Structure formats: structure tokens, C-alpha cells
Amino acid sequence: MTTTTRIRTSPARPAAVARRPWWRTRTAAGLAYAAPTAVVVGLLFLAPLGLVGWMSLNRWPLLGDAEFNAPANYEKVRDDPLFLDAAVFTLKYTVLVTVLLSAAALGLALLVQERRRGTGFFRTAYFLPGAVGFAAASLLFYGLYSNEFGPLDTILQRLRITDEPVQWIGTPNGALFSTIALVIWRFAGFNMLILLTGLQSIPGELYEAARVDGASRWQMFRRITLPLLRPTIALMLILSITGSLLAFDQFFILTNGGPDNSTTTLVMVIYRNAFFRFDLGGAAALSVVLLVVLVGLNALQLRVLRRGDD
Amino acid sequence: MTTRPLRGRRLGAQLLAAGVLLAGALTACSDDTGGDGKEAAGVNGTDDGTTITMWTRAATQTQSERLVKQYNATHKNQVKLTVIPTDNYQPRIAAAAGAKQLPDVFAADVIFVPNYTSQGLFKDLTDRISRLPFKDALAPSHMELGTYEDRLYTLPHTLDLSVIFYNKDLYRKAGLDPEKPPKTLKELAQQATTIDQKLGRDGKVNGTFFGGNCGGCFVFTFWPSVWAAGGEIMNDDGTRSQVDQAPMTEVFDIWRGLYENGVTGPTTKTEQGPTWTGFFPKGTVGVMPMPSTTLGLMPPSMDIGVTPIPGPDGGESTFVGGDSIGISATSDHTDAAWNFISWTVSDEAQTEVMAKNKDVLARTDLADNKYSAADPRIVLINSLVAKGRTPYALRFGQTFNDPQGPWLRYAREALFGDTGKLPELNKAVDSSLKQ
């Protein structure tokens, strides 16, 4: 806006600017450039968001007319014991996955940080699982863990490590950690890539200077690598936390929320309400609650991150 | 300044593109609800070369495919069949209904039909069905569940009954008489235990098996024992649970004993459903309840006996499962769709497609036909259609089939866990049914 004003008040070409029709001004051009994205965002994001908000205030049948019933759907969310269990489990899973995944990704990134013979191969190898679709990867692990046709049990029994089938996804903890193993396998390489870009932007002179000053490897890691990697780590944390709070595919395919609802995530509760119980209004209310929590969490994370930059 | 006109043109193109996008999206959202066309089309609907879209679930894919193939070969109308994985079928139907994108015709697990009819997903076919000459011979439990507030919405599509399969070779090896299958559930437990003790020492053969983390499997395989003993699972309108009463408790106790004694195989407790029928064909299970539709898929060399599911002390019953088929409420091709679905229950389709392939028939008047006599096991299964039951409840799926539903928790505590928790969990089953 300031540039437009400056052009208009410029004494050199006032007449030319004044005569230019509105659709040839810079403001109009700017709006036009933004329009396609604005339409897409409006149509595919804002409109559905508004619809979800409106649905959450109505009894919304599969076919037929909606009926305003606010705040009944939100009261149902509050009174649903499965919702509370799922919220606790989702938080537990998020913390575990974020910590383990970050540690694994950082370890991998440090391993392949420097250019030596074979780093290219290892970088590709670590990243490769990221090229498998997540649902396909979940199915793959389902097969791997299967007691009926999975190879893991056979191998462990041949090696005489176990003498009967392991219940990979048959116990609450087994199911949780089997899923976490899948998530780390699938995402560690991708997070490694994010961290690598951060690592490579740290100037080599810093390490050289530290070495001259007689710093140990650990001191260099703590005083140089970690502080300068902070923005990259923050990005990785945001991606991992948001992704984990929205976890669905892996549990839906691998554990089906079981055994005994021990691995049911919030999004699975939404899915169940919408598509098994046909309670679209209740599912919308749950989605709104989850959205508010997520926006709040992301705002908090960004604030912490910005403070670190100052 | 020479760039100005160009920019203007580019701007125009962008606005146009945005407009096209918008228009496309609006058309996609538009409402295309159609009414129930002309009633004048006659008993058999119309066969005028219409393309009819149809969905079915993978569990009954074979039967649907055979019917569609035969219909397309003999009619001008053409059915386009889409098969959807069984576990995702219900959500897909729900999503499609919400977007008014249902196919013309869809089959559904008979147990979910009351919920669909109450949600208005199927067209009212009362008048058309009443005019069928064989309407009284249509599989009774399927017809009952397709009736909502005295109106008829669906026809039986496929029938899948739960029956006991037993491996005659293993019976012989264990010293049991292969011509004396269990007449009571207690006898089944004894025979399974004998097989397990005599042949199961290396862990490869097990006496019996059941899907221990699969709500639908319990419904399908355990409930017939309750009915066989004269018991009930719910009250008549499916709003009150009686799962905490005998004979259900007795049935749970027998299976719990088999699990605790290691007769059921190590993966029983974790079996979620997709592979529960996979063990018997391998020849590693002595005796277990199985779906009748899998009989045609057993290895030809296996010597398999079939017998009805008994109660704890005798009697016999079966769960009449399978699919019903109806015309979706939003279809514009009612007459053509009726032509197809009424043909699927005709003499021709039932005998030359279903009976010929050893499937259970949707009509009781055709049970005795030129194909069924060849295999006494098929005659037995066909005879069970009239004795079997299909339970009715509006909230069936979310209570009994849903892995997060209350029934699975209940059954697992009853079989593997703490029976002290059962009264509390029964309340959860109850309130889910009442919703």
C-alpha cells in the first residue's frame, strides 16, 4: 500500500496515474495474483471449516435435513469416556514418538553429516522408507507382525530366541511400541533430511575455531551444533507433534485401536462417530475441539521458537 | 509499459481459471436427488440398456461377481460392480451417503440393514416386492431385517451361515469317530481337547480356534449356541442386553476353559478378524465354527465334515448372515435397478448361478434343486436357513461389530480377563443399544 501511495503523490506523473482505470492499478494486480490461491483456500479450507463448525451445532443425518441442537454435540464430547481415554493415549503417544523419533533422526543425521565415501548410499538408505506410502508401510508391518504369516516369529523361533509366538500387537504396550517402531522406521529418514539441511548451514569455521581452542567433540556438539540447530529442531518438533496428535492410519491399520481400546487415538474416535455411528454432528464437534487444541499448541510452540531467536 | 496489456491478459486467464475451479466445485456439490421414476414399468422393471452402478463388500465378492456376470451376459442393462474391502465398507457407504454419491444399487451386511433403512438410505420397494410371485419364499431373516416400520426395502443377496467344520483326518488320527461330530458344545470341547492332547504336542495342531479380538466373530460363532439352548442375547426390539445371562455365560465358560487349557492355539486372543478363517484350511485345527461360504474354498483333498452349531447341552442353530441388496434412495435408475435385483432372486439366477456354485440359496422353495443333492453338506446348510436367526438391533454395528464398541470389551473380559468387570461392561452394551 505504501508504494501505491508514493506513486500517486509523485509530482512527476500525476495525470497518468490518475487516468489509469482501477483494474490496472497495482492493488488490483496484487489482488488478482492472490485470487486463485484465495479461491482454492476458501473453497477447500475455509468453506469446509465453516461447514464443520455449523455441523457441530446440528444433528446432522446422512441424508435429510439438519436440525439445530447446540450445544448437545459438545456435551456429548464431554461425556464420552472413550474421548478422555483417547486424549490421554494420544498425548502419551505424541510424547513417546516425538522423543524417540527426534533422537533417531538426530543420530542418523550426525552419522551421515560429513561427506565421506558411502555417505550418499547411507543417506539414501535411511531416507528410503519415507518413499513408501504410510498406509502401505502400516500394512507391511501388519504382515511382519502377523502370527499367522509374518516372518518375524519364524526367524526368532529358528534362532531359539523365543519358543512361542510373540504377541506383537496383542498386548497394550506391545501394540504401542510395535506401532512406534513402524513410525520411526517410516519417518526417521525424513526428519534426518530436515536436520541435515540445518547441520549443513552451520559454518565450518566455527568448528575450526573451536578445535583451535581445544574444545572436545562433545563440547562442540553442545555449544555449537545444538544451539545453531535450534530452529531446525523446532520445525521438526512442530511437524512431529502435530502429526502425532492427528495419528490415525498406523493405528487404524495395525491395531484397530485395540487391544481393548488401548491404542485408540482422537482421530479414530472422530472417525468412529462419523462413519460407524453416523453421528456426523458429534464427530464435527470433536474435530472442532481437536482443532482448537492444535492451534493453541502450535501458537505456543511458535512463541517459544521466536523467543529463542531473539 | 509494453507489459501492461500482457499482464491484463494473464490476469483475465487467471480469473477464468479461478472461475472454472469454482464452477467445477459447485457442480460437484450440487444435489442430484432423483425421485422414484415411473411406476408403469411392470413387475420386472425395465431392461433398456441402462448402466447400473453397484457396490458390494469383499466378503461376498465371489457371489456378487457371478451374479453380475450372468446378468450382463443376458440383459441389455449393464451392471458396473465395485468391490470395497469389508472393513471399510460401512464408512464408505456413510461417506457416500453424506455426499449423495451412493451407487444405484448396494449390498450390505444384513446386520447393518436396519440402521441403513432407518437413516433413509434405501428406496421403499414394498409395492414391487409384494408383486413377486415367490415373495413368501425369500429368506425369512433377511426379509425381516429389511423391513422398517412395515415397509420393505431390501432383498436377500447372499447367505452366509455359521456351522461347525471338523477335520475328519485329524479325528481319525486322534482316535475319534469321524462320523460322530459333536452334538453339544461340551462334546465339542471334549473332542477338541482330545485332538489337542494327542496331536498337538509339537504346537502345530490345535484342537480348536476362534477370533478372540473380533466382535463380529463372537456374534457369528458363539450366539448360535445361545439360541440352540433356547436363550436370547437381547430383547425383541434390540434395545436391552441380556449378554450377562445364561446360557450366554455358560457358552463363555466353555470357550474360556478351552483357551485356558491351551486347546485354542496361541494367537486366538489377538486374532482381529481378517485371518480367523485362515487356519482351518491349513489342516491344523480339529474342529471350529466357520462361515458356510468358505466350504467351496477349502482344499479339495481335505476331508471336512459339517454339522450345526450346538448349545452347551444340545440343540442346534446358526447365525444367518450374508448380504441384503437394495436400491439407494438417491438413484435415478430405479426401474433398471429393480430389473437387476429382482432377477438375482429369480429361479434362473438362484439355480444356475448360486446353487450351481454350492452357495446357500436366498429362497427356501428352491432349496431342493438339481445341484444341491450332490453334496449332503449343502443340503444340511440349506436346511438350516429356516432354523437360523439373524438378530435385530438398530445400533447393532456400533455395539457388536465396532472394535471400539462395548461388546468386544465384554467378550474379552469374559473369555480372557476379569469376570468381576462384566456387570459394569454389560451396562455399556445396554446403553449403546439404547442410543
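Quantities reported herein were computed from a predicted structural model and do not represent experimental measurements. Below, chain A is the first sequence line, B the second, and so on; all start at residue 1.
- In this structure, chain B has heavy atoms under 4.5 Å from both the backbone and the side chain of A:Leu62.
- For B:Asn115, the part sitting under 4.5 Å from any heavy atom of chain A is the side chain, from C-beta outward, and nothing else.
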### Message
Run the ring-ring contact (aromatic ring centres under 6.0 Å, His included) test on A:Tyr271 and A:Phe252 for me, step by step, so that the C-alpha distance in whole Å, both residues' side-chain angles and the decisive distance to 0.1 Å come before the verdict.
### Response
CA-CA 10 Å; A:Tyr271 179 82; A:Phe252 183 68; 5.1 Å; yes

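- Proximity to chain A (any heavy atom under 4.5 Å) is shown, for B:Leu121, by both the backbone and the side chain.
- Relative orientation of the B:Trp407 and B:Phe400 rings is perpendicular, given thresholds of 30° and 60° on the angle between their planes.
- Chosen from A:Leu82, A:Asp279, A:Asp260, A:Leu63, the residue pairing most often with chain B at heavy-atom distances under 4.5 Å is A:Asp260.
- Looking at B:Gln404, both its backbone and its side chain come within 4.5 Å of chain A, counting heavy atoms on both sides.
- Residue A:Thr25 comes nearest to A:Trp22 through the heavy atom pair OG1-O, 2.8 Å, listed as atom of the first residue, atom of the second, then distance.
- Using a 4.0 Å cut-off between charged nitrogen and carboxylate oxygen, A:Lys76 and A:Asp80 do not count as a salt-bridge pair.
- Ring orientation note: the planes of A:Tyr93 and A:Phe251 are nearly perpendicular, at an angle over 60° on the 30°/60° scale.
- In terms of heavy-atom pairs under 4.5 angstrom with chain A, the leader among B:Asn213, B:Thr275, B:Leu408 is B:Thr275.
- Contact tally against chain A (heavy-atom pairs below 4.5 Å) for B:Lys282, B:Lys269, B:Gln272: the top residue is B:Gln272.
- Neither the backbone nor the side chain of B:Tyr89 comes within less than 4.5 Å of any heavy atom in chain A.
- In this model, no donor atom of one side chain and acceptor atom of the other lie less than 3.5 Å apart for A:Ser244 and A:Thr94.
- Applying the ring pair (Phe, Tyr, Trp, His ring centres under 6.0 Å) test to A:Phe141 and every residue at least two apart in sequence or in another chain returns A:Tyr145, A:Trp185.
- Contact of A:Arg272 with chain B is made through the side chain alone, with heavy-atom distances under 4.5 Å.
- If you tally non-hydrogen atom pairs under 4.5 Å between each of B:Thr267, B:Asp402, B:Leu102 and chain A, the highest count goes to B:Asp402.
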